[in-house]
Amino acid sequence: MTAPSTVALTVNDRAYEKPVDPRTTLADFLRQELGLTGTHVGCEHGACGACTVLLDGQSVRACLMFAVQASGHAVTTVEGLAHPDGSLSPLQAAFREHHGLQCGFCTPGMLMTLTELLRDNPTATEAEVRDTLSGNLCRCTGYAGIVAAALDVLARLAPDVKGR
Amino acid sequence: MKPAPFAYHAPTSLAAAVDLLALSENAKILAGGQSLVPMMNFRLAMPDHLIDLNPVTELDRLEVKADSIEIGAMTRQRRMEFSAELRQACPIIGEAMQHIGHRQTRNRGTIGGSLAHADPSAELPTVVMALDGVIHIQGPRGARAVPMAEFALGFMTTALEPDEIMSGITLPRWQGPHGYAFVEFARRLGDFAVAAAAVMIALDGKDTVTRAAIALAGVGPVQTRLTAVEQALLGHRLEPALIDSAAALAAEGEANEDIHASADYRRHLAQVLTARGLATAARRAQARMKGSA
């Protein structure tokens with residue numbers, strides 16, 4: 001009944017084509033088929049945000065879509081944030097500096113959510129950062145360091161924004 | 001893999017989707033997946049066929065016209081949230097949008113999915129009901145249109161027949177100065193509403209209510225129009241005492257009781273949110289009148 005489908009997509013700028021059972025979620029596909037285990041799987045019903053990835057640049061829950069649906073699209077996972085030489089993105093570096101990582105389980109989802117926000121809204125306020133982060137649960141109750149990291153990156157973006 | 005096995009179909013036109021649905025036993029339509037996929041992951045939903053509307057691009061459209069707003073069923077909440085044109089034409093939608101899940105789910109969720117899922121606490125059906133929206137439906141017997149008041153039948157139940165697909169929504173626009181408000185009480189930003197109210201109100205130059213529409217979410221098994229409250233307001237000057245007495249009628253309806261709130265608490269919230277919504281909507285209506293004078 002479940003005829004195997006093929007998924008052809010790019011993940012972190014690399015093209016993949018693989019047969020896939022339609023019921024495989026994008027999160028499971030990334031982890032189990034591509035070995036990209038940076039995308040974490042928490043609640044698996046869209047509440048916790050640990051599996052958040054970028055689909056064509058927009059943050060989405062990888063547990064709430066099927067891998068077949070990503071065919072023809074571009075996915076960015078936490079593995080795609082660092083520069084090719086391994087140096088951290090400004091947001092990742094700020095997370096380390098401000099102790100935003102904590103236990104690390106929610107970190108990939110937090111990074112993907114904030115990557116989208118900082119790109120789309122480089123003048124975001126602290127309230128907007130907190131509002132956007134409400135879609136990612138941190139059980140260390142430690143949003144302080146995470147918010148500080150985002151605000152630090154925003155402050156460094158500010159001169160560019162003013163110059164535009 | 002959490003969901004049960006299913007056959008996946010990805011039609012590229014509405015007509016093909018309708019044909020597929022007619023041929024498939026135990027099929028489900030997949031829109032944004034933000035409600036259906038969790039149910040599949042919990043195996044509360046176990047369709048044998050999943051018909052994915054995401055490739056049906058004709059259903060992704062947002063048109064603001066002089067007297068109405070046309071929205072395709074597959075239009076993403078993200079598009080509605082960030083549309084400056086929609087915010088200008090019908091700001092209550094944007095205000096409600098801020099309560100719908102989170103940015104990461106609004107990026108994927110659709111208006112049609114929210115309406116078809118018919119969660120009693122969902123924001124979009126509440127707004128569509130307050131705006132007297134009309135639901136467009138396509139099926140093997142052709143197209144039909146159903147007013148939202150007749151589309152929402154009961155707890156997670158709509159007028160959609162098993163072989164029918166929602167194609168879009170028409171929202172008539174309110175003409176002339178008016179005010180709006182969407183107010184919600186939830187445990188945490190983005191959580192399901194314990195209760196919410198969508199309020200539209202028009203006043204004349206003497207602050208007399210000439211038109212009112214109020215819809216409530218989360219209190220009964222389905223979104224409801226508060227016609228008794230609307231009637232109590234019409235033709236009267238909108239003063240604090242009138243808001244209080246009219247809003248008290250909001251507490252007289254049936255209310256659900258569950259782990260989150262007792263029926264009494266929900267009735268209390270219905271009254272408080274209706275009063276708050278009316279006060280905000282009236283203030284905005286007055287500001288609009290001054291602006292246009």
Side-chain angles (χ1 to χ4, degrees), chain A residues 1-7 20-29 32 41 43-73 109-110 112-114 116-117 120-121 127-137, chain B residues 1-10 12 24-28 30-55 57 76-79 81-82 97-109 113 186-192:
Chain A
M1 188 180 63
T2 55
S5 303
T6 301
V7 58
V20 67
D21 186 326
R23 62 175 166 149
T24 309
T25 65
L26 178 59
D28 284 344
F29 177 80
Q32 293 163 15
V41 171
C43 69
E44 293 183 80
H45 62 275
C48 79
C51 69
T52 302
V53 299
L54 302 185
L55 178 76
D56 298 330
Q58 301 176 358
S59 61
V60 300
R61 308 290 205 221
C63 73
L64 294 191
M65 62 181 286
F66 298 106
V68 283
Q69 293 188 284
S71 221
H73 295 275
M110 295 276 187
M112 303 320 288
T113 289
L114 288 172
E116 178 194 39
L117 178 73
D120 289 358
N121 189 2
E128 286 169 324
V129 168
R130 287 184 179 276
D131 181 298
T132 307
L133 281 177
S134 69
N136 293 79
L137 294 184
Chain B
M1 287 180 282
K2 291 205 142 188
F6 56 82
Y8 174 78
H9 308 274
T12 53
S24 311
E25 281 281 316
N26 187 26
K28 271 280 186 193
L30 176 62
Q34 303 303 289
S35 300
L36 177 60
V37 180
M39 290 174 77
M40 291 174 68
N41 283 349
F42 282 126
R43 298 210 178 188
L44 294 169
M46 290 191 282
D48 292 321
H49 297 270
L50 201 58
I51 300 171
D52 185 357
L53 291 188
N54 283 278
T57 49
R76 297 203 193 276
Q77 292 158 13
R78 176 192 175 94
R79 183 169 171 193
E81 179 178 358
F82 290 106
M97 203 68 73
Q98 299 311 310
H99 298 278
I100 304 175
H102 303 280
R103 183 189 180 116
Q104 304 89 339
T105 60
R106 295 194 295 268
N107 280 348
R108 195 86 190 135
R187 295 280 169 191
R188 181 182 70 123
L189 183 70
D191 275 7
F192 287 105

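Here is the naming used below: chain letters follow the sequence lines, and residue numbers restart at 1 for every chain.
Without hydrogens or angle criteria, B/R188 side chain to A/S134 main chain gives a donor-acceptor distance under 3.5 Å.
A/S71 is linked by a side chain to side chain contact (heavy atoms under 4.5 Å, CB included) to A/V7, A/A8, counting only residues two or more places apart in sequence or in another chain. For B/D52, the side chain to side chain contact (heavy atoms under 4.5 Å, CB included) partners at least two apart in sequence or on another chain are A/Q69, B/Y8, B/L30, B/N54, B/P55.
Annotation: maximal heavy-atom pairing with chain B below 4.5 Å, among A/M65, A/M112, A/Q32, A/E116, occurs at A/E116. Contacts with chain A were tallied for B/R108, B/R106, B/M40, B/Q98; B/R108 has the most, counting heavy-atom pairs under 4.5 Å. Top candidate by heavy-atom pairs under 4.5 Å with chain B, chosen from A/T25, A/D28, A/T24, A/L117, is A/T24.
In this structure, A/V60 and B/N107 approach most closely via the heavy-atom pair CG1-CB, 4.4 Å. In terms of heavy atoms, A/F66 sits closest to B/P3 at CE2-CG, 3.8 Å. In terms of heavy-atom proximity, A/C63 sits nearest to B/N41 at O-ND2, 3.3 Å.
The part of B/L50 that comes within reach of chain A is its side chain, from C-beta onward, which places non-hydrogen atoms under 4.5 angstrom from that chain. With a threshold of 4.5 angstrom between heavy atoms, B/A4 approaches chain A through N, CA, C or O but not through any side-chain atom. Both the backbone and the side chain of A/T132 have a heavy atom closer than 4.5 Å to some heavy atom of chain B. Looking at A/T52, only its side chain comes within 4.5 Å of chain B, counting heavy atoms on both sides.
Residues B/V37 and A/R61 have side chains not in contact (no heavy-atom distance under 4.5 Å, counting atoms from C-beta outward).
Considering CD of A/Q58 and CZ of B/R103, their distance stands at 8.5 Å, rounded to 0.5 Å.
Taking 4.0 Å as the cut-off between side-chain N and carboxylate O, B/R78 and A/D120 count as a salt-bridged pair.
Side chains of A/N136 and B/Q104: a donor on one and an acceptor on the other come within 3.5 Å.
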